[in-house]
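Below: one structure, written as structure tokens.
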Amino acid sequence: APEVGLQTSAAPAGPLQPCPDVPPNLQGVLRVEFSTNRSLEDVRQRLGPVLQEGGRYKPPTCVAKQKVAIIIPFRNRHEHLKHWLHFLHPILIRQQLDYGVYIINQEGDSVFNRAKLMNIGHVEALKEYDYDCFVFSDVDLIPLDDRNLYRCSDNPRHLSVAVDKFNFILPYATIFGGVSAISKEQFLKVNGFSNTFWGWGGEDDDLSQRLYFQGMSISRPDSLIGRYKMIKHGRDLHNNPNPQNVHKLKETAYNMNTDGLNSLSYTVREIKKDLLYTFITVDVQAPA
Ligand code: UDH
């Protein structure tokens with residue numbers, strides 16, 4: 001007879017092994033729909049036992065390959081955030097990441113600055129933990145395949161390759177907006193994003209050029225694994241396309257060493273820890 005009495009449920013003794021290269025519990029293609037009666041309380045209930053305050057997670061059975069900060073630029077998109085948290089936490093857990101979710105909320109209703117919020121997220125996340133990879137994600141983009149890993153590689157990686165809104169086609173070759181993963185080292189090498197792109201447009205192309213000028217190229221998953229669904233919405237207030245931004249793209253090489261992480265100036269108004277995220281409200285010092 002089997003010696004059942006000798007079985008033990010204790011964790012294996014000794015230090016944890018590194019997590020495998022390919023996470024073992026991925027599901028592949030995902031079903032994603034945006035039902036209106038989704039509540040954050042449900043998500044909190046479901047994930048309560050595994051997440052730590054601030055939207056933090058670490059695989060319990062192995063040492064994660066990377067420490068990843070997910071940075072989301074935000075203002076007045078709570079409905080989208082609910083869906084994002086509902087779908088992304090389980091995906092990131094299956095991907096066996098050591099990660100934290102940072103919502104960087106622009107205070108007030110002056111002109112929006114997506115890139116500056118990203119820079120702030122990078123700086124604030126590093127104050128909390130020794131992250132080595134940053135995933136910058138819009139709040140309204142949900143991956144349709146969990147094999148699209150939210151981690152960094154040898155080159156900056158653009159993850160939102162095939163978005164439904166653009167008929168699942170990459171709009172242009174140098175695009176780096178939507179969702180992208182960039183290591184701490186790569187991000188520091190280009191001095192982060194520019195802080196001076198106010199309103200909609202250009203800041204992601206500026207970063208793409210910075211990467212190119214520093215000799216990096218953009219890596220991507222293929223267009224089947226890199227599929228995304230975007231939550232439908234109208235234009236936001238105070239984030240209209242800014243016609244000046246396209247002209248600024250001629251000056252990237254000239255400006256990148258003085259406009260970025262090394263010139264970043266802002267004020268933190270509040271840091272709120274939820275189970276599902278760290279919510280940081282900031283004054284980005286928008287022009288009057
Ligand atoms: N964002 C906010 N609040 C704002 C503006 C932007 O949270 O008021 C964040 C959010 O994470 C968003 C991202 O910044 O996903 C990028 O915003 P965007 O307006 O550049 O991009 P998005 O793809 O919209 O969300 C594109 C224009 C939509 C026009 C729709 C007309 N049908």
Side-chain angles (χ1 to χ4, degrees), residues 32 34 40 55 69-88 101-122 124-125 134-144 150 158-172 174-182 192-208 226-246 248-249 266 269-270 272 274 276-284 286-287:
V32 171
F34 305 117
L40 268 195
I70 320 271
I71 312 289
I72 300 184
F74 186 89
R75 184 166 69 189
N76 197 23
R77 296 272 197 106
H78 291 279
E79 187 64 23
H80 295 184
L81 182 58
K82 206 165 70 180
H83 294 301
W84 191 95
L85 295 164
H86 167 88
F87 286 109
L88 265 295
V101 172
Y102 295 86
I103 315 299
I104 314 300
N105 177 41
Q106 182 172 328
E107 179 193 59
D109 60 4
S110 48
V111 60
F112 198 70
N113 190 327
R114 177 179 179 274
K116 193 163 180 182
L117 294 171
M118 302 300 203
N119 281 344
I120 295 169
H122 167 92
E124 291 299 314
F134 295 82
V135 172
F136 297 110
S137 176
D138 286 353
V139 72
D140 52 8
L141 282 170
I142 311 296
L144 290 168
Y150 277 48
H158 180 238
L159 303 183
S160 53
V161 167
V163 181
D164 62 348
K165 181 179 167 166
F166 306 119
N167 299 313
F168 299 106
I169 290 167
L170 191 73
Y172 53 98
T174 56
I175 192 168
F176 200 62
V179 186
S180 44
I182 181 165
F193 279 92
S194 164
N195 299 308
T196 58
F197 282 74
W198 298 95
W200 188 90
E203 82 294 339
D204 46 350
D205 295 326
D206 182 79
L207 181 63
S208 178
R227 281 163 80 92
Y228 274 78
K229 203 158 171 175
M230 187 185 279
I231 307 172
K232 292 200 171 59
H233 63 94
R235 272 226 157 268
D236 300 292
L237 277 180
H238 309 294
N239 194 27
N240 288 326
N242 183 344
Q244 285 167 27
N245 287 355
V246 60
K248 287 171 60 62
L249 289 173
Y266 63 98
R269 290 291 180 214
E270 187 182 33
K272 262 168 55 188
D274 187 280
L276 302 176
Y277 51 79
T278 298
F279 196 87
I280 306 182
T281 299
V282 293
D283 173 1
V284 297

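Just so we're clear, the structure is a prediction, and the values are computed from it rather than from any experiment. Both counts, for ligands and for their atoms, begin at 1 and track the order of listing.
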_Protein heavy-atom partner closest to atom 21 (O) of ligand 1 - residue, atom, separation in Å_ = W200 NE1, 4.0 Å
*asked:* Quick check on contacts: which atoms of ligand 1 are under 4.0 angstrom from a heavy atom of M230?
replied: 23 (O)
*Fit a plane to each ring of F136 and F193, take the angle between them on a 0 to 90° scale, and name the class: parallel (under 30°), tilted (30 to 60°) or perpendicular (over 60°).*
perpendicular
_Short N or O distance, K165 and ligand 1, threshold 3.5 Å exclusive_ = no
*Classify the angle between the aromatic ring planes of H158 and F176 as parallel (below 30°), tilted (30 to 60°) or perpendicular (above 60°).*
tilted
*asked:* When you compare ligand 1 with R235, is there at least one nitrogen or oxygen pair between them that comes in under 3.5 angstrom?
replied: no
*Check: W200 main-chain N/O paired with N239 side-chain donor or acceptor under 3.5 Å*: yes
*Is there a donor-acceptor pair closer than 3.5 Å between any side-chain N or O of T281 and the backbone N or O of R269?*
no
*asked:* Which residue and atom name correspond to the protein heavy atom nearest atom 10 (C) of ligand 1, and how close is it?
replied: P73 O, 3.5 Å
*asked:* Which of the numbered atoms in ligand 1 are under 4.0 angstrom from any heavy atom belonging to N239?
replied: 5 (C), 6 (C), 19 (O)
*With side chain to side chain contact (heavy atoms under 4.5 Å, CB included) as the test, would you mind laying out the steps for M118 and I104 before giving the verdict?*
CA-CA 8 Å; M118 302 300 203; I104 314 300; over 6 Å; no
*Between R114 and ligand 1, does any nitrogen or oxygen pair lie at a separation below 3.5 Å?*
no
_Exam field: side chain R75 to backbone G108, donor-acceptor pair closer than 3.5 Å_ = yes
_Sidechain-backbone polar pair: E203 side chain, K116 backbone, donor-acceptor under 3.5 Å_ = no
*asked:* Is there a polar contact, in the sense of an N or O pair closer than 3.5 Å, between L237 and ligand 1?
replied: no
*Give the residue and atom name of whichever protein heavy atom lies nearest to atom 17 (O) of ligand 1, and the separation in Å to one decimal.*
R77 NH2, 4.0 Å
*Below 3.5 angstrom, do we get any N/O pair linking G234 and ligand 1?*
no
*In terms of residue, atom name and distance, what is the protein heavy atom nearest to atom 6 (C) of ligand 1?*
F112 CE2, 3.2 Å
*asked:* Do the side chains of D236 and R77 get close enough for a salt bridge, i.e. N-O under 4.0 angstrom?
replied: yes
_I need the nearest protein heavy-atom contact for atom 5 (C) of ligand 1: residue, atom name and distance, please._
D236 OD2, 3.1 Å
*Purely on distance, is any nitrogen or oxygen of D140 under 3.5 Å from one on ligand 1?*
yes
*For atom 31 (C) of ligand 1, state which one of H233, Q106, H238 supplies the nearest heavy atom.*
H233
_Suppose we measure from atom 3 (N) of ligand 1 to each protein heavy atom; which comes out shortest, and what is that distance?_
R75 O, 2.8 Å
_Below 4.0 Å, non-hydrogen atoms only: which portion of D138 touches ligand 1? Side chain, backbone, both or neither._
both
*asked:* Is the ring pair F74/H78 parallel, tilted or perpendicular, if the boundaries are 30 and 60 degrees?
replied: perpendicular
_Would the distance check show the side chain of K229 and the main-chain N or O of V32 forming a donor-acceptor pair, the cut-off being under 3.5 Å?_
yes
